[in-house]
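Computed from a prediction, not measured in an experiment: that's the story for all the values here. Letters go in sequence order (proteins before strands), and every chain restarts at 1.
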2 protein chains.
Amino acid sequence: MPRPRAANQATAAHLRLRREIVSGRLQQGSALGEPGLARRYGTSRAPIREALIALEREGLVRFEKTGRTRVRSFSGSEMREIMEARAAIEGMAARLANRLWTEEDTVALEKNIAAQERATDLAALSRLDIDLHHHVVTRGDNASLIRLWEPLRWQWEAHLVEIYRRQSGDDFVPEKETIRAHRHLLKALAEGTPAEASEAMMNHILFNLRWAR
Amino acid sequence: MPRPRAANQATAAHLRLRREIVSGRLQQGSALGEPGLARRYGTSRAPIREALIALEREGLVRFEKTGRTRVRSFSGSEMREIMEARAAIEGMAARLANRLWTEEDTVALEKNIAAQERATDLAALSRLDIDLHHHVVTRGDNASLIRLWEPLRWQWEAHLVEIYRRQSGDDFVPEKETIRAHRHLLKALAEGTPAEASEAMMNHILFNLRWAR
DNA sequence: ATCGGTAAAAGTGTCGACACTTTGAGAGCA
DNA sequence: TGCTCTCAAAGTGTCGACACTTTTACCGAT
């Protein structure tokens, strides 16, 4: 058998396509024709097909009944569902994260939150936000949970990009409520109170539902 | 574009392979060579490849670094992780299920639990157990959550089959504790107390961790 | 009998081709 | 101008082939 399955063209195409979607270069609803992508990437259709299957299971593209593939768009109720799923996963992750939580973790999150307070645009704040949540999920140290979380992360990110496109972020200020929620979560994690950490995480995510739609 | 993506050979191979794995006909650790499967299913390698990719993302098979594909086996700690993930997903689903819960749902679950009490072998009980959890998850009416739950369900089922193989279930009696937990969950759902339903579900699943390893 | 080396067998990643289906662009008609 | 029908263009599902790599089975030497 050939090279490691991580360094093949199918995986490369998968990562590249995902980056193009979550960065907004590929707009929601765009048709993804296999011959076109194959030409663009300098490969045949086989690796492209594999990449599309992986992206579909990640929820970033959709196969229409006709067979066509398009970049997925997220309705308000779909985003609500995604956020509820995030609350479930990340709430459990926060609970589990207490097992291995260290002083370094606390310091890292404090730095992150401080940076959030100084953020001057929505894109930068979002990146910090995602990093913070990623840190907690990873610290849950549960491969199954992490694997379930990843699609949600990409869907979330793809939706955020769509939001940037609509609102020209001139009058931007970090939301005080989000910062407060992050501090509350960090406090629970640092003090080692799993139930409270879990609840803080879930409430924080579900609270965002008001503007996610 | 051709026939609906649900009625193609790739999907057929996916479903068929999954059935063979969760039914135990394909033992854990078995090598899944594409040419062999293609011959067995009377197709070329292309649909088989697609099916294997889907199965890998479902967590039922594993790609080794060498490129080989094998039916996944579950270690004790992996099962613990899977059960923790189930607790997260199903706990949230139970909470959400209260929105649409009806009298018919209550009746259906009562019937299910009554059948569990009369079950005479582990396989039958497991099927009822899975049905019950499936019912609750579906009633959560959250597509994202359901989609995340499916891989866990198949992994859970694949592991159960492995358990049957080991213990010849001669001296079988339904576990009183499981029945009690199911009744407690149903009570919370029927009475419309979301927080309690969620907690009942999570505790029930995490309690099983003692014998799952 | 065991061990090491060698060559054949089997397997994966990728490619191009073909049949069939859907899309849609343009011609013909009202 | 607007509508319908027809036919070409584009796309998907599937197949067989090829190059390269790993595995394995065999054979000889010790």
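At whole-Å resolution of the value, CZ in B:F63 and P in C:dT12 are 10 Å apart. Between the P atom of D:dG13 and the CD1 atom of B:I53 lies a distance of 13 Å, rounded to the nearest Å. Regarding A:E64, its CD atom lies at a distance of 12 Å from the C1' atom of C:dT23, rounded to whole Å. Between the P atom of D:dG11 and the CZ atom of A:R70 lies a distance of 12 Å, rounded to the nearest Å. In this entry the distance linking NZ of A:K65 with P of D:dG13 reads 14 Å, nearest Å. Taking atom CD1 of B:I48 as the reference point, atom P of C:dG11 lies 13 Å away to the nearest angstrom. The nearest whole Å value for the distance from the CG atom in B:L52 to the P atom in C:dG13 is 10 Å. One interatomic measurement links the two molecules: CG of A:L37 to C1' of C:dT14, which rounds to 17 Å at whole-angstrom precision.
By the neighbour-count criterion of 12 heavy atoms within 6.0 Å, atom CZ of B:R127 is sparsely surrounded, having that number or fewer from other residues, nucleotides or ligands. Other residues, nucleotides and ligands contribute more than 12 heavy atoms inside 6.0 Å of the CZ atom of A:R147. Annotation: B:E199, atom CD; neighbour count of heavy atoms from other residues, nucleotides and ligands within 6.0 Å does not exceed 12.
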Would A:E150 and A:R18 count as a salt bridge (Lys or Arg N to Asp or Glu O under 4.0 Å) here? Give the steps. CA-CA 12 Å; A:E150 269 164 11; A:R18 180 163 69 196; 5.9 Å; no
Test side-chain hydrogen bond (donor to acceptor under 3.5 Å, both in side chains) on B:H14 and B:E58 and set out the steps. CA-CA 11 Å; B:H14 178 193; B:E58 270 178 6; 3.2 Å; yes
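With 3.5 Å as the limit, one finds a donor-acceptor pair spanning the side chains of A:D129 and A:H133.
Residue B:L32 is in sugar-phosphate contact alone, with no base atom involved, counting any heavy-atom pair closer than 4.0 Å across all strands shown.
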For nucleotides 15-17 of chain C, list the nitrogen or oxygen atoms of the protein found under 3.5 Å from its nitrogen or oxygen atoms, one pair per line.
unit_1: C:dC15; atom_1: OP2; unit_2: A:S44; atom_2: N; d: 2.7
unit_1: C:dC15; atom_1: OP2; unit_2: A:S44; atom_2: OG; d: 2.8

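The side chain of A:R49 contributes an N or O atom lying less than 4.0 Å from OP1 or OP2 of D:dG13. Taking 4.0 angstrom as the limit, A:R68 places none of its side-chain polar atoms (N or O) nearer than this to OP1 or OP2 of D:dG11.
Under a 3.5 Å cut-off, the side chain of B:R72 and the backbone N or O of B:G59 do form a donor-acceptor pair. In this structure, B:R99 contributes its side chain and B:L96 its backbone to a donor-acceptor pair below 3.5 Å.
The aromatic rings of B:H134 and B:W149 sit tilted relative to each other, their planes meeting at an angle between 30° and 60°.
Rounded to 10°, the angle separating the first-five-pair axis and the last-five-pair axis of the helix from C:dA1-D:dT30 to C:dA30-D:dT1 equals 0°.
Of the listed nucleotides (D:dT22, C:dT23, D:dT14), C:dT23 has the atom at the smallest distance from the side chain of A:T66.
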